[in-house]
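Here the structure is laid out as structure tokens; the discussion comes afterwards.
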Amino acid sequence: MSTYKYPVYLFRCFKLDLPQTASCLSAMSVWFNPSHAIEQTLRQVAATTEGFSADFEPGVRPADPKFGDYQANGVLGYAKKNDLNPRELGQKLIDAALASGQFDPELIELALAGPGFINFKLSNTFLWQWQLDYSTKADYQSGAKELKQGRRIVIDYPSANTAKQAHIGHLRPMVIGQAIARLLDFCGADLIRDNHIGDWGTNFGTLIMKIKHEGIDLTTLGDDALVTLDKLYKEGSALESKQPELRDVSRNELVKLQNGDLENTRIWKQIVEISKVAFDKLFVQMGVEVDITLGESFYRDKVQRIYDELTEVGLAEESEGALVVWHDEVKKFSRDNERPYPFNIRKSDGASNYASTDLATVLYRVREFKAEEIIYLTDARQQDHFQLLFLTTKKWFKAKGYPLPEMSHVFWGTILGADKKPFKTKSGESIKLQELLDEARSRAYEVVTAKNPDLPEDERRAIAESVGVGAMKYADLSSNRTQDYVFSWDRLLSFEGNTAPYLLYAIARINSIFRKVGLDPEAPIEGASPAETEAELILARKLMGFVTALELTLNDLRPHFLCTYLYELAGAYSGFYNADKVMVDDEAVKARRLILCARTRTILKTGLELLGLKPLERM
RNA sequence: GCGGGCGUAGCUCAGUUGGAUAGAGCAUCGGUUUUCUAAACCGACGGUCCUGGGUUCGAAUCCCAGCGCCCGUACCA
């Protein structure tokens, strides 16, 4: 059994108190999150403006740069609903906003446009002051931490299985899971990463049968123990097909295990331990962090209570020998359907299944961890299960008066090959995760060696590690997770487009500049003049978008929003890099460009680290 | 049958939940380096947003009806 390790939560120190609602009139600091500030201020202003009621939603969002930095669309909908003239109403709101003194004309410009949009354009003064006010990772985090402040969240990932080698199907839960976990943590959640392993399945009967049949001592298997177990299971299944009488033997071994038979329990523990060691090796390579590991076996003595309580409150009933919960009010689960679809919480042979253990797990997490929110990560095919789990939990907790946590299912599509079918080896087998990692490293190594043959061997290896594994992760994170995506080595390792190499390269170039000028990129830079050129201003604007990108990412738990933002930021930087030379004679210009480089570096690094990538000093 | 997802440039994908002239990358064509990493940058070409209706100031996005593909449909997880 794994040890309990609760994460340690330190009080975080923040350099700044955020002027979230403060006026930007203050010369010392500007709004950290202008979108929020504008939204709040407009709401306040509208509350005391004729023609608006309390339910007015300003609808502020980033705007197309040709119109401004932000736009408020709310007037249009509001005017429509109340049968008012949108342009008149918009102008009224602008007048009131300006009269309130909350919008300093030197910092932000308001304009009515089109059918009733309100556009907000930040002045160059604002843009530059923002760069001066907010410069470090801690500054950026101090804004983000409000998003999940102190909320106790259990994230159920990566749900590794046992007695089987990890394959490509384990890539997405590890990659998406760690990215979301880091994001939640960065944004202030009180997080528990719970690795809910599948260590109590029917497959153990077959495996134990085969192990005993061959008289194998699991302690002698060495480093490749899991590979052997994987093989033994396959052989065991094949054996059962050939000699059906062995099925009864396997079933008997399973029953013995479930009844606490000493010998079988000992073998089972060894299998679980071998699996754990193998997964830990992958976790290290993948950057997966786990706070606790409580597998299905941990809940095996906790399912009886589920049967009892659900029966007691009248939710569960017998059906075809099984214990089930009906949700007739949801059409697809109704018992009136041609194919009835209940939530089966106890099999007709009396055994538990993943519905029973999942229900027991919810209760445990609420009671022991005081979970306010539980996030499950699995592939999209399990949506029905989680819908049933959530429905059942809601009714059960209500009947018992338990505090109901917010529950959500974060799911993803399949990784496809070039043929648009699930990505497999040429012979049609599933690709082992370790082989995938090795191939990523070796391909990246070839690219690095071709581009930069003069670097020392060990540095090229280190670069290949970061680029190869990072590229694979980034490819997984940069497309919308609910969709399937096509896996292509050439594309994910390319330096063109929305890829890890492109982003890592941007950081490496920034580092190179700081090496050349002999400055620490983390150190304060004095004596800068304000940004002025087009490329500088585009970059400065993009830098401000980080917090919005984080917020967007967190709202839907879709890491590709952050990826898209980082790619755009790197693009803005590359444009700036080509247009404006940093190392110029004018010290004030040089200083301001170094500031832009430093900010870009900090945000790119922070963003990539949240996604689980490891930025490099050079490449 | 029921339910879920998808359909956007030749290819791979975005599109902040109903906003302004639908965007990137690749591919194709053209340009930029005595300059901080050209592994880069800039430009051009490329669209029946699957089809047909509807809702309204306004639709790739919402509603209805089709077409096509993927997935799920109790005792695997």
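Only heavy atoms go into these numbers, but all of them, side chains included; no hydrogens, no water, no symmetry mates. Here is the naming used below: chain letters follow the sequence lines, and residue numbers restart at 1 for every chain.
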Ignoring hydrogens and angles, does a donor from either the side chain of [X] or the base of [N] sit under 3.5 Å from an acceptor on the other?
X	N	value
Lys332(A)	G1(B)	no
Asn73(A)	A20(B)	no
Glu320(A)	A74(B)	yes
Tyr354(A)	A77(B)	yes
Gln71(A)	A20(B)	yes
Ser319(A)	A74(B)	yes

Touch class at under 4.0 angstrom, heavy-atom based, for [X] against every strand present:
X	result
Asn555(A)	nothing
Arg346(A)	nothing
His385(A)	nothing
Lys516(A)	sugar-phosphate
Val486(A)	sugar-phosphate
Tyr505(A)	base
Phe67(A)	base
Asn498(A)	nothing
Asp336(A)	nothing
Asn85(A)	nothing
Ala113(A)	base
Tyr485(A)	sugar-phosphate

Inset, instruction - Look at the rings of Tyr502(A) and Tyr567(A) and say which category their plane angle falls in: under 30° parallel, 30 to 60° tilted, over 60° perpendicular. - result: perpendicular

Inset, instruction - Assign the ring pair Phe343(A) / His385(A) to parallel, tilted or perpendicular, where the plane angle (0 to 90°) is split at 30° and 60°. - result: tilted

Inset, instruction - Could you tell me whether the side chain of Ser466(A) and the main chain of Ala462(A) form a donor-acceptor pair under 3.5 Å? - result: no

Between [X] and [Y] (salt bridge meaning N to carboxylate O under 4.0 Å), is one present in this structure?
X	Y	result
Asp419(A)	Lys421(A)	no
Glu568(A)	Arg541(A)	no
Lys614(A)	Glu465(A)	no
Arg592(A)	Asp580(A)	no

If [N] has a Watson-Crick or G-U wobble mate with both distances under 3.5 Å, name it; if not, just say none.
N	answer
C49(B)	none
C41(B)	G31(B)
U73(B)	G1(B)
C57(B)	G19(B)
U12(B)	A24(B)
C6(B)	G68(B)
C36(B)	none

Is the shortest side-chain N/O distance from [X] to OP1 or OP2 of [N] below 4.0 Å?
X	N	answer
Tyr502(A)	C41(B)	yes
Tyr577(A)	A38(B)	yes
Lys420(A)	U12(B)	yes
Lys331(A)	G1(B)	no

Inset, instruction - With RNA chain B as reference, determine whether Gly198(A) or Asn578(A) sits nearer its 5' end, using the nearest nucleotide of each. - result: Asn578(A)

Legend entry - Contact nearer the 5' end of RNA chain B, comparing Arg515(A) with Gly201(A): Arg515(A)

Inset, instruction - Determine, step by step, whether Asn511(A) and Arg601(A) satisfy the side chain to side chain donor-acceptor pair (under 3.5 Å) criterion, reporting the C-alpha distance in whole Å, the side-chain angles of both residues, the deciding distance to 0.1 Å, and the verdict. - result: CA-CA 8 Å; Asn511(A) 289 334; Arg601(A) 179 181 171 278; 2.8 Å; yes

Say you pick atom [atom1] in [N] and the same atom in [M]; how far apart are they, in whole Å?
N	M	atom1	value
G23(B)	C45(B)	C1'	16 Å
C13(B)	A27(B)	C1'	15 Å
G18(B)	C63(B)	P	10 Å
U17(B)	C62(B)	C1'	10 Å
C50(B)	U56(B)	P	23 Å
C41(B)	G25(B)	C1'	15 Å
G15(B)	A24(B)	P	15 Å
U55(B)	A60(B)	P	16 Å

Where the side chain of [X] is defined as all heavy atoms beyond and including C-beta, which of [options] is the nearest nucleotide?
X	options	value
Tyr341(A)	U73(B), G15(B), U37(B)	U73(B)
Arg509(A)	A38(B), U12(B), G5(B)	A38(B)
Phe561(A)	A74(B), C2(B), G15(B)	G15(B)
Tyr567(A)	A14(B), A39(B), A24(B)	A24(B)

Inset, instruction - Under 4.0 Å from any atom of RNA chain B, heavy atoms only: list the residues of residues 460-469 of chain A that qualify, in numerical order. - result: none

Legend entry - Check: Phe390(A) ring centre within less than 6.0 Å of His327(A) ring centre: no

Legend entry - Residue pair Arg558(A) / Thr482(A), side-chain donor-acceptor N/O under 3.5 Å: yes

Inset, instruction - Indicate whether any N or O donor in one side chain lies under 3.5 Å from an N or O acceptor in the other, for Ser297(A) and Asp199(A). - result: yes

Legend entry - U34(B) glycosidic torsion: syn (within 90° of 0) vs anti: anti

